There are 2 protein chains.
Amino acid sequence: MIIFSKNHTGYSKIFNITFLSSSFPFPFMHERNFFLLLSIAEKSGFSGQLDSSTVQLSRELNSSQQTISRNLKELEEHGFISRAVSPAGIRLSITDSGRKELRRALIKLQHVFEEKKPKQIKGTVKSGLGEGTYYTSLPAYQKQFEEKLGWAVFSGTLNFSTERDALDEFIHGLKMIYVEGFKTKQRTFGGIKCFKVKINDAVEGALILPDRSNIPRDEAELIARVSLRKKLSLENGSEIRISAEGIH
Amino acid sequence: MIIFSKNHTGYSKIFNITFLSSSFPFPFMHERNFFLLLSIAEKSGFSGQLDSSTVQLSRELNSSQQTISRNLKELEEHGFISRAVSPAGIRLSITDSGRKELRRALIKLQHVFEEKKPKQIKGTVKSGLGEGTYYTSLPAYQKQFEEKLGWAVFSGTLNFSTERDALDEFIHGLKMIYVEGFKTKQRTFGGIKCFKVKINDAVEGALILPDRSNIPRDEAELIARVSLRKKLSLENGSEIRISAEGIH
DNA sequence: ATTACTAAGTTCCGAGTAC
DNA sequence: TGTACTCGGAACTTAGTAA
């Protein structure tokens with residue numbers, strides 16, 4: 001399913017720790033709070049707890065009491081820390097979700113230093129809601145697909161689900177091809193990010209990610225010259241393999 | 001040497017990738033630019049280069065062309081990336097300094113996940129400029145030292161130099177004791193962060209870090225009940241070992 | 001002592017443009 | 001096309017307090 005909502009501009013400052021890399025607007029964490037989370041992790045010993053106060057933390061972190069208070073509340077609201085407030089101060093600990101965010105950062109940095117990048121990902125075919133067919137059939141998009149990808153696209157998308165972090169890492173290593181959005185009197189159609197891939201090592205296609213869509217971060221869509229579903233005899237639940245194609 | 005310049009408030013939003021952990025106001029990098037640096041590292045392959053444009057990056061990172069342009073300039077000005085602008089776009093690469101910042105983040109995260117923390121650091125005795133003696137002799141500080149550390153301090157500090165990151169990591173694992181600043185008609189005296197330590201496994205003392213001082217991040221001072229220089233027969237250039245003392 | 005609200009001040013971002 | 005400036009408004013931080 002594709003849901004175009006806005007055009008490219010209209011940035012949200014909120015984002016998940018895909019680290020600016022992906023366009024999903026799922027509001028997870030403000031980037032600025034990442035280092036606060038890291039500091040808490042360091043102080044609390046990761047799985048322990050930290051008894052402190054907003055004044056204490058503001059001194060250690062060179063910020064104001066008010067800002068620490070607000071940012072801790074935000075981290076709690078987003079589920080990254082748990083926070084018990086008492087007249088004596090604050091007891092903090094990192095949640096599983098918070099640990100996950102930190103681990104994501106760690107893995108990204110490790111990849112940078114090891115120059116390791118995933119070259120392929122696996123996915124499971126899902127049913128779309130027919131909207132992909134509609135959007136990919138719009139001439140304004142079709143024309144651009146043909147120009148920028150080098151081939152005319154079949155009117156229909158193959159939806160698949162995969163592992164969120166793997167997807168982020170995967171597309172980060174690929175060259176992005178950007179299909180512009182456009183406006184009609186009725187509504188605005190957003191831009192689409194495309195990444196050339198090979199599906200099941202057999203068929204050339206492109207992984208597409210609509211800008212600012214409401215698609216969860218663990219789903220994406222594929223387009224190709226032909227119907228991937230027919231060509232590769234895929235059904236819902238089929239496993240597919242998506243690999244990097246061409247240069248980077 | 002101690003240089004007190006401001007009182008605790010007057011925060012700078014600029015900081016080094018000590019990650020909010022330390023109070024040194026050395027203006028290195030805006031936190032918000034860290035993730036941009038990381039993204040460039042991912043895209044450029046760490047030691048390679050990245051040919052792109054501000055528009056391209058703004059799409060990939062969900063920001064605006066103007067913000068990317070500005071932030072890249074900032075990263076360049078602080079020496080974290082090199083940036084060659086041409087009519088065709090921008091050629092970016094990470095500098096050694098940028099790699100260093102990224103590695104710092106990596107190491108911090110690794111420590112968090114491995115729950116490893118340095119328990120001691122080494123330092124080399126340096127000569128101070130006699131100011132330590134002056135400041136530690138001020139009654140307003142002396143009184144607090146006695147109350148908060150549990151002992152009266154000898155009027156004089158032992159300056160030492162050490163490795164910057166090691167120092168950051170070390171103090172992060174310790175409980176901070178905060179000595180408040182104060183004002184006279186003439187001037188303002190800043191707060192002092194204290195960390196109880198043992199010097200050369202023999203003498204109890206405290207590592208002190210004046211708020212917002214101009215001291216380089218690889219230097220600090222020690223105070224104790226007695227003259228450390230005499231007690232431990234130290235001269236300039238002597239190696240000392242500072243270890244965590246008490247709980248944390 | 002705390003935390004955290006409101007209002008004021010500051011910084012930051014992005015639209016419009018210049019080049 | 002590019003990058004990057006100005007400037008108005010949004011977002012964020014902090015001071016002053018309330019609880």
Side-chain angles (χ1 to χ4, degrees), chain A residues 6-15 20 25 27 29-36 40 50-78 81-92 147-148 178 180 183 188 191 211-212, chain B residues 6-15 20 25 27 29-36 40 50-77 81-92 147-148 178 180 211-212:
Chain A
K6 293 183 198 171
N7 59 5
H8 173 248
T9 27
Y11 326 98
S12 74
K13 238 59 57 45
I14 299 170
F15 53 102
L20 288 164
M29 160 135 70
H30 275 94
E31 191 183 309
R32 63 174 195 282
N33 283 344
F34 175 79
F35 294 105
L36 177 56
I40 296 168
L50 171 67
D51 287 311
S52 189
S53 77
T54 53
V55 175
Q56 170 89 358
L57 286 169
S58 75
R59 282 169 181 155
E60 296 175 19
L61 309 182
N62 283 318
S63 187
S64 72
Q65 177 270 323
Q66 294 88 337
T67 294
I68 296 294
S69 173
R70 186 169 20 81
N71 291 346
L72 288 176
K73 270 185 59 174
E74 281 175 30
L75 279 175
E76 187 194 28
E77 279 159 15
H78 291 112
I81 62 170
S82 73
R83 170 171 148 279
V85 181
S86 79
I90 292 186
R91 172 164 293 178
L92 300 168
E147 276 171 12
K148 294 176 179 173
Y178 192 70
E180 309 281 343
K183 285 182 187 178
T188 300
D211 278 350
R212 337 226 92 234
Chain B
K6 294 184 197 170
N7 59 5
H8 174 249
T9 28
Y11 325 97
S12 74
K13 237 61 58 41
I14 298 170
F15 51 102
L20 286 164
M29 158 135 72
H30 274 95
E31 190 183 310
R32 64 173 194 283
N33 284 344
F34 175 78
F35 294 106
L36 177 56
I40 295 168
L50 172 65
D51 287 310
S52 189
S53 77
T54 53
V55 174
Q56 170 87 358
L57 285 169
S58 74
R59 283 170 180 157
E60 295 175 20
L61 309 182
N62 282 322
S63 188
S64 72
Q65 178 269 323
Q66 294 89 336
T67 294
I68 296 294
S69 173
R70 189 163 17 81
N71 291 346
L72 287 177
K73 269 185 60 174
E74 281 175 31
L75 280 175
E76 187 194 29
E77 279 159 14
I81 61 170
S82 72
R83 169 172 149 280
V85 181
S86 79
I90 293 186
R91 172 164 292 178
L92 301 168
E147 278 171 11
K148 294 176 180 174
Y178 193 72
E180 309 280 342
D211 277 350
R212 338 227 90 233

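Note that the structure is a prediction, hence the values are computed from the model and not measured.
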Can we call the ring centroids of F34(B) and F35(A) under 6.0 Å apart? yes
Counting side-chain heavy atoms from CB outward, which of [options] is closest to [X]?
X: R32(B); options: dT14(D), dC12(C), dT3(D); answer: dC12(C)
X: S69(B); options: dT3(D), dT14(D), dT3(C); answer: dT3(D)
X: R83(B); options: dG14(C), dA4(D), dT3(D); answer: dA4(D)

Under 4.0 angstrom between [X] side-chain N/O and [N] OP1 or OP2:
X: R70(A); N: dT13(D); answer: yes
X: T67(B); N: dG14(C); answer: yes
X: S63(A); N: dT14(D); answer: yes
X: R91(B); N: dG2(D); answer: no
X: H30(B); N: dT11(C); answer: no

More 5' along DNA chain C: K73(A) or P87(A), using each one's nearest nucleotide? P87(A)
Check the distance between [N]'s [atom2] and [X]'s [atom1] and give it to me in whole angstrom.
X: Q65(A); N: dT6(C); atom1: CD; atom2: C1'; answer: 14 Å
X: E74(B); N: dA4(D); atom1: CD; atom2: P; answer: 12 Å
X: L57(A); N: dA4(C); atom1: CG; atom2: P; answer: 12 Å

Is E74(B) salt-bridged to R32(B), going by a charged N under 4.0 Å from an acidic O? yes
Run the salt-bridge test on E77(A) and R70(A) with the 4.0 Å N-O cut-off and return the result as yes or no. no
Touch check for S53(B), heavy atoms < 4.0 angstrom, all strands: base, sugar-phosphate only, or nothing? sugar-phosphate
Does any donor-acceptor pair link the side chain of Q66(A) with the base of dG16(D) at a separation under 3.5 Å? yes
